[in-house]
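Okay, structure first, notes after.
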Amino acid sequence: MSFELLSEPIRRYIRDQRWEELRPIQHAAISKILSTNDNYILASRTASGKTEAAFLPILSQTDFDHAGVQVLYISPLKALINDQFVRVEELCKYLDVPVTKWHGEANQSAKTRLIKRPQGIVLITPESLEAMLVNKPFNVKHLFGNLKFVVIDEIHSFIGTDRGTQLKSIISRLRNPPSPPFRIIGLSATIGDYVEAKRFTGNETGTKVLLDRSAKEVEAQFRYFEGSDSELPLDLVKDLYLETENNKALIFPNSRGRVEEVSVKLKKISDRVQGHSNYFSHHSSVDKDVREYVEFFAKNNRGQNFAIACTSTLELGIDIGTVDEVVQIDATNSISSLIQRLGRSGRRNSEKSRLILYATKPWSFLQSLACWALYQDGFIEPPETNSRPLDILVHQALSITKGSSGIEIELLVNQLKQNCAFEDLSISDIEEIIDHLTECDLFEKLRKEIIIGIEGEKVVNSRNFYSVFTTEDTFKVLSSGSPIGDIPFSPQIVEGENLLLAARIWKIIHVDFDAKRIHVIKALDGKKPSFSGTAASVHGSVRQKMLELLYSKEVFNVLNKASVMELGKLRKEFTPFNIQDFQTERPMRIKDGSVELFTFAGTKINNTIYLLLDLAGFECKLNTPSSSFEIETSATHLRAKWPALQSALQDIDEHLSDLIDKRPQILSFSKWGSLLPRKFQVELLKRKYYDFNEAIKFIDSCKFVENC
DNA sequence: GACCTGCTGCGGTTTG
């Protein structure tokens, strides 16, 4: 059937691969991509052959004899580009089509070759595309003027994020006439909202979703070990060692510091009992070469067991082969992330995924169980929607103006207005932002034209201009000249102190503040490094499920004895509140001089309620894991004042503007937001950090239930 | 107590 639709060289490739059959997503993609002109989102679990599902029909249909690049593949990670390059190149040998990697670390002469003779397939990052649009817009026309397909890998990592808005805008800029239209194919294992996914192409009605719901069977087990904030419980580490010693395992402990703690502790035990020594850590602060070695080891070693402790760096599709088991320590923040992590396990197609979920705190355990239960229900939290990306507009306005070396104001406004990333912003919004940028010397007006201003030059000529996310300043850690990693400066960075990094223990012998270098030697004992960061946000549906679990009688066969007991304890603790309506009723515990209010709401609603309580003069503390407020007041007083929390909304804009004055770092979630007029900074804060509409609904409907 | 992601172009010198 669909096999017959493919071109001869592609059929030969499939025969040479000795595939017994095409996977369901491949059948669907081949027949749909070849028989229609629609855009497609291919949603199917990890390792189900999505890359081939896109490329087999694309390569069959495309005539590569035309000048210009025919297919553009966009990836969120350089490492993923390097992996996919090998796969796609193998496939393209059958067609004699050249494939070029284009990212910051890709070979320069290959790029130069492509510019001399634009053809074939290019694999690129959004930031590299941005850089090209800014610095060499003529190359964009020259290379991509004849594009037939754009493939976006791991598209869920872009949907609903700032980086996604940037990419949407870039793709819209590539479509600038007179270029002929190209089709978009998005690939993902986890899509939480199909409408948002379709909108991502800029043409919702012309985009279809091909979905293969079949999931790999998962064998899961929850284990509970009560622990403290500082270190993991020893029993947990021992149990984890026994669990993973004869396996290939990926361990996700949720933070870089914990990653180091886990890998070093496991390695110590292993040294003592003469187990294998393949314990690694993998996260953003580990040196790139060290990380690549770890990836290489995992992928290419035969038979040897290993354990890699990692953060979300190993969550996306980097090819490390599959592992025997995935271990999660304390709760995942989202179901989407749980699915990505699960996808790493289960060696062969037929084999089950194996997942061990440890927890060290009651609320973390409950959150983990809630994510698991929602996953079992087939639920994935929807992405954020950002219909007014004011800050990204600032960035794109600067980028377009620099790229065209000055532009007529009217043309700039129209280009931004017609860009699908900004369709919900009005002409007057755009004009207001441009005027403000001009007042701040980021732009300069020359009659009808706009050019980059004095302050703007500093911004657009910086190497840091091309991305829309912020990163912290780091020090390079070196051992006899070889890089181990990059860590943010903290009070712990003092000569003589020991620290853990890249699964090893080091002693700091010298800190060079000018060169931002930390020189270390090997040591025997040390502390996990402290990394600053912001907690990932938790969706309301997860918190809602946590509440339901407290009052359900459901028995989970995935829990070990200790976690059954922990769930029992939590349920018993909340029995006296006797919540009946999970939508509106919330437990309120009366204490001596204070009340504890459990909102079971998502991060943004909690942020908003915190602000409103503060504005109403309440002293309060938000405990994130339990989603509860400790408020220094009496229940009667809180009940009386509660509906009036809304009164602060009358002049909320002034309150927020004051807040920005007092704590400018509250806008640090947005790299380009600081360049907006104040009015729009306030709006950004309202949309991205708070959620007043939902918070008001919550306040209106919320009924406190006290323990009796 | 808290994740992750990427990244000029040019001129000059050295190397194969």
Side-chain angles (χ1 to χ4, degrees), chain A residues 74-82 101-106 108 111-112 115 124-137 139 153-154 156-158 161-164 166-167 170 227-232 252-259 261 281-286 288 291 309-318 328-334 336-338 340-341 360-361 363-364 367 395 399 402-403 457-472 486 488 490 528-538 603 621-626 668-669 671:
Chain A
I74 302 173
S75 154
L77 303 175
K78 289 180 291 191
L80 197 53
I81 287 180
N82 297 342
K101 280 191 268 189
W102 192 299
H103 57 67
E105 285 158 15
Q108 186 60 48
K111 294 180 187 169
T112 317
I115 288 171
I124 200 164
T125 59
E127 287 76 13
S128 282
L129 266 176
E130 182 80 67
M132 208 189 287
L133 282 160
V134 171
N135 299 311
K136 300 272 182 73
N139 273 348
D153 207 351
E154 306 278 7
H156 70 280
S157 72
F158 292 114
T161 68
D162 288 345
R163 203 175 178 207
Q166 177 191 25
L167 178 56
I170 289 172
S228 69
D229 271 337
S230 53
E231 289 204 39
L232 284 170
F252 291 93
N254 286 354
S255 76
R256 289 172 282 178
R258 273 260 147 99
V259 162
E261 185 189 352
S281 71
H282 194 287
H283 54 79
S284 64
S285 297
V286 174
K288 184 177 150 280
R291 278 158 73 171
C310 56
T311 58
S312 46
T313 48
L314 285 183
E315 199 174 283
L316 291 182
I318 305 172
Q328 173 69 43
I329 300 180
D330 283 327
T332 47
N333 292 307
S334 69
S336 165
S337 160
L338 177 66
Q340 292 288 137
R341 291 172 185 191
T360 63
K361 301 248 179 64
W363 289 104
S364 171
Q367 186 176 320
H395 180 244
S399 167
K402 160 87 176 173
E457 286 292 342
K458 293 181 203 160
V459 173
V460 300
N461 291 328
S462 147
R463 189 164 174 268
N464 202 16
F465 176 66
Y466 312 102
S467 69
V468 295
F469 48 84
T470 48
T471 42
E472 53 193 347
D486 293 89
S490 75
K528 61 178 180 185
S530 58
F531 295 98
S532 59
T534 39
S537 59
V538 177
T603 302
K621 229 168 58 193
L622 169 60
N623 182 353
T624 308
S626 58
S668 63
F669 62 82
K671 180 162 163 183

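Lettering of chains follows the sequences in order, A, B, ..., and the numbering in each one begins at 1.
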Roughly how far, to the nearest 0.5 Å, is [atom2] of [Y] from [atom1] of [X]?
X	Y	atom1	atom2	result
A/N464	A/K671	CG	NZ	4.0 Å
A/T313	A/F252	OG1	CZ	7.5 Å
A/L316	A/L80	CG	CG	7.0 Å
A/E127	A/F465	CD	CZ	12.0 Å

Could you tell me the separation between the [atom1] atom of [X] and the [atom2] atom of [N], rounded to a whole number of Å?
X	N	atom1	atom2	result
A/F158	B/dT5	CZ	P	13 Å
A/L316	B/dC4	CG	P	12 Å
A/I329	B/dC3	CD1	P	14 Å
A/K288	B/dT5	NZ	C1'	15 Å
A/E472	B/dG6	CD	P	15 Å
A/K402	B/dT8	NZ	P	13 Å
A/H283	B/dC4	NE2	P	8 Å
A/I124	B/dG6	CD1	P	13 Å

Quiz question: going by heavy-atom distance under 3.5 Å, is there a donor-acceptor pair between the base of B/dC3 and the side chain of A/S312?
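A donor-acceptor contact between them is present.
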Is a donor-acceptor contact shorter than 3.5 angstrom present between the side chain of A/S128 and the base of B/dG6?
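There is none.
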Sugar-phosphate only, base, or nothing, as touched by [X] at under 4.0 Å among non-hydrogen atoms:
X	value
A/Y466	sugar-phosphate
A/N254	sugar-phosphate
A/S337	nothing
A/T311	sugar-phosphate

[N] phosphate, OP1 or OP2, under 4.0 Å from [X] side-chain N/O:
X	N	answer
A/R291	B/dC4	no
A/T313	B/dC4	no
A/N135	B/dG9	yes
A/T624	B/dA2	no
A/R463	B/dG9	no

Residue whose nearest DNA chain B nucleotide is more 5′ - A/A131 or A/H282:
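In this pair, the answer is A/H282.
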Residue mapping more 5' on DNA chain B - nearest nucleotide basis, A/H103 or A/S537:
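Mapping each residue to its closest nucleotide by heavy atoms, the 5'-most match is A/S537.
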Per-pair stack call A/F469 and B/dC4, 5.5 Å, 30°
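Check failed, A/F469 does not stack on base of B/dC4.
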Start with the C-alpha distance between A/D330 and A/T360, add both sets of side-chain angles, then the distance that settles side-chain hydrogen bond (donor to acceptor under 3.5 Å, both in side chains), and finish with yes or no.
CA-CA 6 Å; A/D330 283 327; A/T360 63; 2.8 Å; yes
For a quick test of reading the model, state the closest non-hydrogen atom pair linking A/V259 to A/P253 and the distance between them.
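A/V259 and A/P253 have their closest heavy atoms at CG2-CD, 3.6 Å.
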The side chain of A/N464 lies closest to which of these nucleotides: B/dG6, B/dT8, B/dA2?
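Looking only at side-chain atoms, A/N464 lies closest to B/dG6.
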